[in-house]
Amino acid sequence: MRPRFTVLAALATGIGLGLAGCGQQPAVTSHARQEGLATVSASEADPTSAWAEAYCGAAGGLVRTLAALPSVDPSTPQQASRTSSELMLSVVEGLDRTSAALENLGPAPVAGGDTSRTAAVAQLGGIRARADEVRHRLDSSADPEATKAALRDARTSLDELDRLDLLRGLNDVPQLAAASSRIPVCQELVKQPR
């Protein structure tokens, strides 16, 4: 299962409204849900659980960042562009913090954990680079067509975040998957919408 990124559908809708203000029809977005995250410490005696809990904590940090993203103001194309740029800056900063938290976990106590973490950090780095590129385009676009293209790409970046599955790395390693199934912070990340 993958973490639910909570406000992305609403934000993508705001960007879609900005595109509509530019004469573009918004695309259909995926649905996301917002829920709080519980925090409970794993047993210090179980390094696999402690590592999995820290991994989930890092993933939860991204979820919390995305839940607190600034809104997009679609009232004018200029406002949509400016507020979308602010949103993308928040995304970039959240991805940076999550990547740093994952990188600072220390070595995984089981085989495959470090490989999974490295893959997650690389995936976050790719999304971050694309989001930052879109942000720069939003900041520098002067003509309406460039602005529309940048707004579409901002929406695509949010959709990419919505599809992100940071917990896949844990689920790919049987010992980490078993540990994460017992850790409340991990389970909160995969809880199905009610």
Side-chain angles (χ1 to χ4, degrees), residues 1-12 28-69 87-132 155-194:
M1 305 200 82
R2 61 187 187 96
R4 297 164 335 287
F5 295 119
T6 57
V7 296
L8 296 179
L11 293 171
V28 176
T29 62
S30 60
H31 299 284
R33 223 172 116 63
Q34 180 174 347
E35 303 244 350
L37 298 176
T39 56
V40 173
S41 292
S43 167
E44 298 258 340
D46 181 6
T48 302
S49 291
W51 197 87
E53 182 178 32
Y55 188 103
C56 291
L62 182 59
V63 172
R64 286 185 297 278
T65 294
L66 297 176
L69 287 175
L87 181 144
M88 297 312 288
L89 177 61
S90 294
V91 166
V92 166
E93 290 170 346
L95 290 167
D96 285 343
R97 282 189 300 273
T98 301
S99 293
L102 288 171
E103 289 171 342
N104 290 326
L105 286 179
V110 296
D114 289 326
T115 301
S116 292
R117 173 187 43 195
T118 300
V121 169
Q123 185 178 21
L124 291 175
I127 294 170
R128 185 227 183 269
R130 289 183 291 281
D132 201 37
R155 184 183 188 125
T156 299
S157 291
L158 292 176
D159 288 342
E160 187 176 11
L161 276 171
D162 192 37
R163 292 187 303 271
L164 183 63
D165 186 359
L166 280 178
L167 297 184
R168 183 175 147 211
L170 290 180
N171 294 330
D172 287 347
V173 179
Q175 299 96 322
L176 293 173
S180 70
S181 72
R182 298 183 303 269
I183 299 170
V185 70
C186 295
Q187 292 309 297
E188 284 296 316
L189 291 171
V190 297
K191 189 182 290 181
Q192 292 299 308
R194 292 182 196 116

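For reference, positions follow the sequence shown, starting with 1.
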Check [X] against [Y] and note the closest heavy-atom contact, atom names and distance.
X    : Y    : result
A52  : C186 : O-SG, 3.7 Å
G113 : V173 : N-CG2, 4.0 Å
L189 : G60  : CD2-CA, 3.8 Å

Check for a donor-acceptor pair, side chain of [X] on one end and backbone N or O of [Y] on the other, with a separation under 3.5 Å.
X    : Y    : result
T98  : L95  : no
Y55  : L166 : yes
D132 : R128 : no

Are [X] and [Y] side-chain neighbours, meaning at least one heavy-atom pair lies under 4.5 Å?
X    : Y    : result
T115 : D172 : no
P109 : D46  : no
S116 : L170 : no
D114 : R117 : yes
E93  : T65  : no

So, taking the atom named [atom1] in [X] and the one named [atom2] in [Y], what distance separates them when rounded to the nearest 0.5 Å?
X    : Y    : atom1 : atom2 : value
L164 : I127 : CG    : CD1   : 4.5 Å
R130 : T156 : CZ    : OG1   : 10.5 Å
I183 : E188 : CD1   : CD    : 13.0 Å
L167 : L176 : CG    : CG    : 11.0 Å

Run the side-chain contact (heavy atoms from CB on, under 4.5 Å) test on L124 and L62 for me, step by step, so that the C-alpha distance in whole Å, both residues' side-chain angles and the decisive distance to 0.1 Å come before the verdict. CA-CA 10 Å; L124 291 175; L62 182 59; 4.1 Å; yes
